[in-house]
Every structure is written in structure tokens, then in C-alpha cells.
Amino acid sequence: MIDQVGQDEVVVHDKTFVPYISPEEIDKRVKELGAAIVRDCGDKQPLFIVVLNGAFMFASDLIKEVPIDCQVTFTKLASYQGQKSTGVVREVAAIDIDVKDRTVIVVEDIVDTGNTLHHYLKDLKSRGAKEIKIASLLNKPEALQHSITIDYLGFKIDNKFVIGYGLDYDYKGRNFKGIYQLK
Ligand code: IMP
């Protein structure tokens with residue numbers, strides 16, 4: 001459970017967050033992204049690789065908007081502790097399907113420094129993926145340290161820590177329907 005919910009802010013552990021992106025805005029944008037994926041990849045039998053944990057809610061809603069012939073699998077990459085990126089990417093759980101010659105859509109919650117995806121995209125290329133696209137709910141352009149093209153981006157946001165809709169602060173806040181920003 002969250003520690004405290006106020007009218008305009010929420011306290012999680014030791015930090016206060018304020019509403020930033022509403023559930024309605026997310027819903028509208030996710031539907032648009034789903035339609036774009038159908039348009040671009042409808043006949044490509046794409047393989048969605050959902051990056052756990054943070055992308056679980058976004059992926060669940062997004063993929064429901066993509067009623068095409070596709071496959072879905074999950075990976076877990078760890079590069080974060082608390083609020084700071086460690087710069088080290090560990091594959092905690094690997095995918096269980098061959099990416100060779102596939103159109104792959106990597107589904108992320110947020111591209112922050114881009115460190116996680118930079119390493120993971122290199123890995124997917126070396127394993128023979130034919131085409132790699134990225135779907136990310138959020139991106140902090142000011143924090144980006146690598147050249148990464150996000151094909152399906154929900155929202156560009158300020159360089160401030162956010163939680164909600166799958167994103168957490170030390171495992172809390174993932175269940176919030178909207179996105180909240182550090183006050
Ligand atoms: P990157 O490697 O710096 O791009 O960060 C990737 C991962 O860090 C994301 O998939 C998130 O899980 C986590 N992350 C980055 N920024 C935030 C944030 O503001 N809130 C919660 N998690 C974040």
C-alpha cells in the first residue's frame with residue numbers, strides 16, 4: 001500500500017510525488033501507439049520483447065491494441081538501484097525465443113540515460129534480429145546519453161523521477177493508474 005494519498009500529492013517512502021500524466025492521457029496515447037504499430041508492422045509477425053519489471057502495465061495495454069499475428073515474450077534487465085542508474089546492465093532473465101531474422105519490438109517503460117537499451121539493442125543485433133523497433137511509454141531527452149531512436153514514444157518528459165503505471169520507487173507506486181512526478 002502507498003504511505004499516504006492526498007488530494008494533489010502522494011507520499012511514497014520518503015518522497016512526495018504530484019500528478020503528472022493522467023490515466024486518460026495515457027489511455028489515449030497508448031491507443032495511438034497501438035494503431036501505429038498495426039500500420040507499420042501488421043504483416044511482419046513481430047516479436048514483442050517486454051522489458052520487466054516497469055513495462056508490464058504499458059505492454060499489457062499496448063499489445064491489446066495490436067490485434068495482429070504476433071508473439072510476446074519477456075526479459076528482465078537490471079541497471080537501476082533506487083533513483084540512480086548504475087551504468088551496468090545485467091540480463092536477469094533472458095528471452096526464451098530466437099530473434100534471428102525477426103522484426104522485434106522492444107517494449108520499455110522509460111528511456112532515461114538509454115544505457116539499458118543501448119546494451120540490449122547491441123545484443124539483439126548480434127543475435128541476428130532483422131529489424132528492431134522500440135516502444136517506450138516515456139523518454140527523458142535531457143538524460144539521454146546514447147543515440148537511440150524511439151519508434152513509438154508515448155511522452156517526452158522532464159528530467160525528474162516519475163512513478164506510476166508500472167514505474168516504481170523502490171517497488172512502490174507501480175499500481176498507480178497515472179504517472180506521478182517527484183515534487
Ligand atoms: P536507462 O538505462 O537509464 O535508460 O533506464 C532504464 C530503466 O531505469 C527504466 O526501464 C526504468 O525501469 C528505470 N528508470 C529510469 N528513470 C526512471 C524514473 O524516473 N522512474 C522509475 N524508473 C526509472
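Remember, it's 1-based here, ligands and their atoms both numbered in the order they're listed.
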*What do we get for Asp112 next to ligand 1 when only non-hydrogen atoms under 4.0 Å count, side chain, backbone, both or neither?*
both
*asked:* Taking only non-hydrogen atoms of Ile163, do any sit less than 4.0 angstrom from ligand 1?
replied: no
*Are any of the side-chain heavy atoms of Leu144 and Lys140 separated by less than 4.5 Å?*
no
_Under 4.0 Å from a heavy atom of Thr116: which atoms of ligand 1 are those, numbered in the order shown and with their elements?_
1 (P), 2 (O), 5 (O), 6 (C)
*For ligand 1, which atoms sit closer than 4.0 Å to a heavy atom of Asp168?*
21 (C)
*Asp123 and its side-chain hydrogen bond (donor to acceptor under 3.5 Å, both in side chains) partner, picked from Arg127, His119, Lys125*: Arg127
*Out of Ala55, Gly114, Ser136, Gly54, whose heavy atom is nearest to atom 4 (O) of ligand 1?*
Gly114
_I'd like to know if the side chain of Asp151 reaches the main chain of Lys133, judged simply by a donor and an acceptor atom lying under 3.5 Å from each other, with no hydrogens or angles considered._
no
*Between Asp109 and Ser136, do the side chains contain an N or O donor and an N or O acceptor separated by less than 3.5 Å?*
no
*Could you tell me whether Phe161 and ligand 1 have an N or O pair separated by under 3.5 Å?*
no
*Evaluate the ring planes of Tyr169 and Phe161, with Trp represented by its six-membered ring, and classify them as parallel (under 30°), tilted (30 to 60°) or perpendicular (over 60°).*
perpendicular
*State the atoms of ligand 1, each with its element, that fall below the 4.0 Å cut-off from a heavy-atom position in Glu108.*
10 (O)
*Which of the atoms in ligand 1, numbered in the order shown and given with their element, are less than 4.0 Å from a heavy-atom of Asn115?*
2 (O), 4 (O)
*Ignoring hydrogens and angles, tell me if any N or O in the side chain of Arg102 forms a donor-acceptor pair with the backbone of Ala129 under 3.5 Å.*
no
_Tell me whether Lys140 reaches ligand 1 (any heavy atom closer than 4.0 angstrom to a ligand atom)._
yes
*List every atom of ligand 1 that sits less than 4.0 Å from any heavy atom of Leu167, numbering the atoms from 1 in the order shown and giving each element.*
20 (N), 21 (C), 22 (N)
*Enumerate the atoms of ligand 1 whose separation from the nearest heavy atom of Thr113 is less than 4.0 angstrom.*
1 (P), 2 (O), 3 (O), 4 (O)
*Is there a donor-acceptor contact under 3.5 Å linking the side chains of Tyr152 and Asp40?*
yes
*Do you see a donor-acceptor pair shorter than 3.5 Å between the side chains of Asp61 and Tyr165?*
yes
